[in-house]
Structure formats: C-alpha cells, structure tokens
Novice: 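Got a structure for you, written out below as structure tokens; questions coming shortly.
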Amino acid sequence: KAGVTQTPRYLIKTRGQQVTLSCSPISGHRSVSWYQQTPGQGLQFLFEYFSETQRNKGNFPGRFSGRQFSNSRSEMNVSTLELGDSALYLCASSPPGAAEAFFGQGTRLTVV
Amino acid sequence: GEDVEQSLFLSVREGDSSVINCTYTDSSSTYLYWYKQEPGAGLQLLTYIFSNMDMKQDQRLTVLLNKKDKHLSLRIADTQTGDSAIYFCAERSGGSYIPTFGRGTSLIVHP
C-alpha cells in the first residue's frame, strides 16, 4: 500500500509569490491534515480536511488556505509568501475512525 | 491550552537502553503517540497507547504511561546508531481529531 505522497519535495520561491503544495493520502483515508514544521516553532497545525470539508483550522493567517478533492487528495496554498514561511510542510492522513495518523515525507519550502 | 513537554536532547551509547520522557497537561488525553523523524524525512508513527493502558511493548520499544502524573515514556532497548533521530511525543483527546505535539527529543547514539 502506497504511503502518503507529497509533491514537490523541494521548492524555492521568492517573497510575494504564491505556492501550491499537494498531498495524496493513503488509499481509503478520508482525513488529511497539514502541519508546518520550523526549528523555532516546532510542529504547528494548519488545517484538517475530511470529505472535502475543512473540519479544523489552526492559528495561521488567511494567506494559508487549503482544499480537499473528492478523491481525498488535498492541496494547500500560501499566497504573498514571506521569508518566515520557509519551513517543512507535512501532510498526514488518517483512516476513518482510527487513532493513527500517517505522515508524508514533507515539502521543504524555501522563500528567498 | 494543551501542552506537551519533552527534553530537547538525549545522548546514549550504542547497545544501551534509551528512555525518552514526555509530560502533557490535557487530562482528557485519550491517545498518546510516539513518532520518529529522521533528517530530511517526515514523521514515522512508532507506536501509540490508549489512556486506559499502562504499558505497551513492541519489539525493542516499550511505552509506559502514568496517567496520574500525565507522564509518558518511550524506552528503546539495545539502542543502535540507526535509532538516532528526533522523537516526538503527541497526545490527542477523544473529542479532537488533531494531536498536539511536543518539540521533539533529539536522540544521539554514539559508539
């Protein structure tokens, strides 16, 4: 069974640009969560989607948005990039009713 | 809000046991997790325990939970250099879908 797949693995963007990251969950998983990981702040929750609906949202500005498609694949978008958005963005998927969450390898975003 | 605390570093000799500790504040925590992150990689779920359990063992890994003190530990027996990584403790209450993570403990295994 394939794991959680995140694309791209690495990305370099310029301040002010926007970026879209993609996450394909494990087959059968309907919940997808996004996290931002930085050395200073650790792992911070961005948002969680279930069946195309945002079910939970973390404390991030409106520049951070996401969506989930009918096949459970999810994208997150960051507009007007700032240097502080440089981070590892992690996606996790969970099967229905289960306790576990499985993470992808992450997308390393560098804003210059 | 909920908080999960871990020490930042642990250094052990190869072959010894490692014990990584974690404390949490949410008394309604239902699930407690240990994740491993190797350099440049995502988080790998190692094991998790329900709050009504005291202990869980899985090969070289032993998880101990003291619910009264809100203390969770991960013991790695016969630690190998390949165990060098960052270990994250996380907790989740039954009413939430989102776990709260600690800052991670960097385990360094030296020969």
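Worth saying up front: this structure is predicted, and the values here are computed from it rather than measured.
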Novice: Got a salt bridge between A/Arg63 and A/Glu82, using NZ or NE/NH1/NH2 to carboxylate O under 4.0 Å?
Specialist: yes
Novice: Angle class for the A/Phe103/B/Phe101 ring planes (parallel below 30°, perpendicular above 60°, tilted otherwise)?
Specialist: perpendicular
Novice: Specify whether B/Tyr31 and B/Tyr33 have parallel, tilted or perpendicular ring planes, treating 30° as the upper limit for parallel and 60° as the lower limit for perpendicular.
Specialist: tilted
Novice: Check whether A/Gln6 gets within reach of chain B through its side chain, its backbone, both or neither, counting any heavy atom under 4.5 Å.
Specialist: neither
Novice: Could you have a look at A/Gly106, A/Ala101, A/Ser33 and say which one has the most heavy-atom pairs with chain B under 4.5 angstrom?
Specialist: A/Ala101
Novice: Name the region of A/Phe50, side chain, backbone, both or neither, that has any atom closer than 4.5 Å to a heavy atom of chain B.
Specialist: neither
Novice: Contact part of B/Gln37 toward chain A, heavy-atom cut-off under 4.5 Å: side chain, backbone, both or neither?
Specialist: side chain
Novice: Where does B/Leu45 contact chain A at under 4.5 Å (heavy atoms): side chain, backbone, both or neither?
Specialist: side chain
Novice: Between A/Gln36 and A/Tyr89, what is the shortest heavy-atom contact and its length?
Specialist: NE2-OH, 3.0 Å
Novice: At a heavy-atom separation under 4.5 Å, does A/Arg108 approach chain B through its side chain, its backbone, both, or neither?
Specialist: neither
Novice: I want to check a possible cation-pi pair here: A/Lys57 against A/Phe45, using under 6.0 Å from ring centre and within 45° of the ring axis as the test.
Specialist: no
